[in-house]
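One structure is given below, encoded as structure tokens.
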Amino acid sequence: MTLHIYNTLTRKKEIFTPINPDQIGMYVCGPTVYDFAHIGNARPVIVFDVLYRLLKTLYPNVTYVRNITDVDDKINAKSKETGEDIRTITERTAKAFHEDMAALNAGRPDIEPRATEHIAEMIEMIERLIENGNAYAIDGHVLFHVPSMPEYGTLSGRNMDDMIAGARVEVASYKKDPADFVLWKPSADDVPGWDSPWGRGRPGWHIECSAMSRKYLGDTFDIHGGGHDLIFPHHENEIAQSCCANNTEKYANYWMHNGHLMVEGEKMSKSLGNFFTVHDLLEEVPGEALRFYMLSAQYRSPFDFTKEGVKEAKATLDRFYSALRQTSDLEPAQVSAPDKFIDALKDDLNTPLAISHLHESLSAFNKTPSAELKGQILACAEILGILQQDVEGWFKGTGSSGVDEAEIERMIADRIAAKAGKDFAMADKIRDDLVAMGVVLEDGPTGTTWKLK
RNA sequence: GGCGCGGUGGUAGAGUGGUUAUGCAGCGGAUUGCAAAUCCGUGAACAGCGGUUCGAAUCCGCUCCGCGCCUCCA
């Protein structure tokens, strides 16, 4: 099976045909660094990390670019609110983002450009848009003139008349057309700004992705990804900017958008108190469980994030780790993932189907362990980015759990002695005491093992 | 108002025009001193109404319900 991708541009699943099979290019919209990443931010990171891993098994070179937006009015607002220096906020937040995503086993992209380091490229692109007659400067602003691009609206499937009819926004007086959007805007003295042909100012929201993707991937590249909410206006405007500035027909060939995330059936929002950051969730549950949970639904579906679901995902991973633990002496064969597992992923990243195949492999492995099967399971797990922890560490915690391992081992030894003496009341009491400490025992043919509940 | 997406068993969640998804939970059994883990067996679904078809949960239409986006941050 060849790789198929659902393309938002055509609203169809299509065969993926690279521009150049020897060099795949992929761009994903990254975080605006003003606060901790929430679980909704984590979904595209995880989804496109799996895509990246899959692409690397199919093609020799894949370049994954994900930006960091470190100039934005949300950041400015945060700085004003806390009094903290902007640079301090963005650096700290970017660092936290990296730590949190690493905990989710999401690798770093090949290139992670920052907006503030590409102002010159943005200005240059804006100048070309003016030259080409697609943009105009007025009152220190530069605006993209939407009617100058007849194809505008292709990605989001809307036409200008419909949008204007339903528009619920006030139109700024300096706009030639209500749909025109900002490429550059003036900065007051108390917000970040850069010198430009139009005075001191800062870039609009969309231009950084156009400028940075061009720099690292070229005028036209293979895949552009991001959250579903970015289709309009962000990605629509990126297309307009890039195609008009570069004089190209196509910007990205395949547009992929992950579905939205709900929390306990409701839209995630701070006012509802159901706003989870990855940082906080990692206090309660391993990042791998969050990752595996997210992959239990196909990436385009809406995802209802629940605490119960997280627990279940953790329990499922326990089952996989348990199988590895019981066969710790068995050296896995160096094999690749089975075709039907890979085929599921090649079908627009059907992770739930792929995981179901993984469950089948696990059942077979539990019945009759073999190096071959173990190797297959680990190969699949590597592509999904799971089962990457040390097995004993997974069950016993990372040392911060506050349990005394030596004490546990001593109690287990006592219980074995009690059992040998047929003192089952004592044996059960010890086991109950351990449960009270959060420790669960498993008596196996080779001895007793323990894990944290 | 415009554009778009979705409604599958107790639950999460795939898929296909006619044949077991899978996981969790449930029930029965094996194993165990009792458990845990594991294994075996098992019930259960395709929002509603029409249409196409030999046959539709799968295609088409309508209805109902839920959700997202609608421009520089509501």
Side-chain angles (χ1 to χ4, degrees), chain A residues 8 11 32 72-74 76-77 141 143-144 146 152-153 156-172 175 177-185 202-207 227-237 240 257 259-262 265-267 292-293 295-298 300-304 306 308-309 311-313 315-316 318-320 322-323 325-326 344 347 350-369 418-420 422-425 427-428 431-432 434-435 439-445 448-451 453:
Chain A
T8 307
R11 300 179 198 293
T32 300
D72 184 279
D73 287 352
K74 283 192 282 277
N76 300 341
H141 292 73
L143 296 162
F144 185 94
V146 169
Y152 187 85
S156 53
R158 48 189 93 202
N159 64 66
M160 296 319 303
D161 295 341
D162 290 343
M163 279 191 285
I164 292 161
R168 280 177 285 168
V169 291
E170 284 183 36
V171 178
K175 287 187 180 184
D177 186 280
D180 292 352
F181 58 89
V182 165
L183 298 170
W184 189 264
K185 55 188 166 187
R202 59 196 194 281
W205 174 25
H206 318 293
I207 193 71
H228 187 254
D229 55 328
L230 297 179
I231 294 172
F232 191 90
H234 186 234
H235 289 161
E236 194 70 74
N237 291 352
H257 296 278
H260 265 179
L261 198 131
M262 311 268 289
E266 289 183 304
K267 186 172 179 170
F292 185 65
Y293 180 38
L295 295 176
S296 71
Q298 209 269 349
R300 281 187 285 122
S301 325
F303 189 95
D304 189 18
T306 65
E308 190 57 37
K311 268 173 60 183
E312 203 176 289
T316 304
D318 282 347
R319 196 160 166 259
F320 280 97
S322 183
R325 188 185 214 185
Q326 280 158 20
D347 185 10
N350 192 338
T351 50
L353 185 61
I355 289 169
S356 82
H357 295 320
L358 193 51
H359 277 294
E360 287 162 4
S361 297
L362 176 66
S363 292
F365 181 68
N366 277 332
K367 250 171 277 186
T368 45
K419 275 171 61 171
K422 300 276 186 216
D423 185 357
F424 295 120
D428 289 349
R431 188 170 61 196
D432 290 345
L434 281 163
V435 166
V439 174
V440 178
L441 298 187
E442 288 176 17
D443 293 337
T448 297
T449 55
W450 63 273
K451 63 182 180 185
K453 188 66 193 154

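Worth saying up front: this structure is predicted, and the values here are computed from it rather than measured. Worth knowing before you read on, the calculation uses all heavy atoms, side chains too, and leaves out hydrogens, waters and symmetry mates. Every chain is numbered from 1 and lettered A, B, ... according to where its sequence line falls, protein lines coming before strand lines.
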Taking only the side-chain heavy atoms of [X] (C-beta and beyond), determine which of [options] contains the nearest atom.
X	options	result
Thr316(A)	U22(B), G23(B), C72(B)	G23(B)
Asn237(A)	G13(B), U71(B), G15(B)	U71(B)
Phe232(A)	C72(B), U71(B), G13(B)	U71(B)
Gln298(A)	U22(B), U71(B), A14(B)	A14(B)

For atom [atom1], what is the distance between [N] and [M], given to the nearest Å?
N	M	atom1	value
A14(B)	A36(B)	P	31 Å
C27(B)	G10(B)	C1'	13 Å
G50(B)	A57(B)	P	12 Å
C64(B)	A30(B)	C1'	49 Å
U8(B)	U22(B)	C1'	14 Å
G43(B)	C24(B)	C1'	16 Å
G4(B)	G41(B)	C1'	46 Å
G23(B)	C39(B)	P	9 Å

Distance, rounded to the nearest Å, where [X] contributes [atom1] and [N] contributes [atom2]:
X	N	atom1	atom2	answer
Glu236(A)	G4(B)	CD	C1'	13 Å
Met262(A)	G6(B)	CE	C1'	12 Å
Arg11(A)	C3(B)	CZ	P	12 Å
His234(A)	C70(B)	NE2	P	13 Å
His257(A)	G68(B)	NE2	P	18 Å
Leu353(A)	A21(B)	CG	P	14 Å
Phe292(A)	C24(B)	CZ	C1'	12 Å
Ile355(A)	G15(B)	CD1	P	13 Å

Q: Starting at the 5' end of RNA chain B, write a dot or bracket for each base, bracketing those in Watson-Crick or G-U wobble pairs whose two distances are under 3.5 Å and using | for partners on another strand.
A: (((((((..(((.....[...))).(((((.......)))))....(((((..]....))))))))))))....
Q: Under the ring pair (Phe, Tyr, Trp, His ring centres under 6.0 Å) rule, collect the residues that match up with His234(A), sequence neighbours excluded.
A: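 Listed in chain order: Trp205(A), His206(A).
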**Q.** Non-neighbouring partners of Phe292(A) that pass ring pair (Phe, Tyr, Trp, His ring centres under 6.0 Å), sequence neighbours left out
**A.** none
Distance in Å, [X] [atom1] paired with [Y] [atom2], rounded so as to fall on 0.5 Å steps:
X	Y	atom1	atom2	value
Arg300(A)	His257(A)	CZ	NE2	11.5 Å
Leu434(A)	Leu441(A)	CG	CG	5.0 Å
Asp318(A)	Glu312(A)	CG	CD	12.0 Å
Asp304(A)	Met262(A)	CG	CE	6.0 Å

What does [X] touch in the nucleic acid at a heavy-atom separation under 4.0 angstrom: a base, only the sugar-phosphate, or nothing?
X	result
Asn350(A)	sugar-phosphate
Thr449(A)	nothing
Glu308(A)	nothing
Gly157(A)	sugar-phosphate

With sequence neighbours left out, what residues match [X] under side chain to side chain donor-acceptor pair (under 3.5 Å)?
X	value
Ser301(A)	none
Glu236(A)	Ser156(A)
Asp180(A)	Tyr136(A), His145(A)
Asn366(A)	none

(Q) Suppose we screen for side-chain contact (heavy atoms from CB on, under 4.5 Å). Which residues come up paired with Ala297(A), at least two apart in sequence or across chains? (A) Phe303(A)
Q. By side-chain contact (heavy atoms from CB on, under 4.5 Å), which residues pair with Lys311(A), not counting sequence neighbours?
A.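 By the side-chain contact (heavy atoms from CB on, under 4.5 Å) rule, Lys311(A) matches Glu308(A).
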(Q) I'd like to compare against my own output: the B/S/- annotation of nucleotides 29-42 of chain B with a strict under-4.0 Å heavy-atom distance to protein. (A) ----BBBBSSSS--
Please table the atom pairs, donor to acceptor, closer than 3.5 Å between any side-chain atom in residues 358-365 of chain A and protein atoms at least two apart or in another chain.
| residue | atom | partner | partner atom | Å |
| --- | --- | --- | --- | --- |
| Glu360(A) | OE1 | Lys340(A) | NZ | 3.2 |
| Glu360(A) | OE1 | His357(A) | ND1 | 3.4 |
| Ser361(A) | OG | His357(A) | O | 3.3 |
| Ser363(A) | OG | His359(A) | O | 3.4 |

**Q.** Nearest-nucleotide 5' precedence on RNA chain B, His228(A) against Pro352(A)
**A.** Pro352(A)
**Q.** Residue mapping more 5' on RNA chain B - nearest nucleotide basis, His357(A) or Asp180(A)
**A.** His357(A)
**Q.** pair Leu353(A)-Asp347(A): side-chain heavy atoms closer than 4.5 Å
**A.** no
Taking only nitrogen or oxygen atoms into account, show me every contact under 3.5 Å that the protein makes with nucleotides 10-12 of chain B, one pair per line with its distance.
none

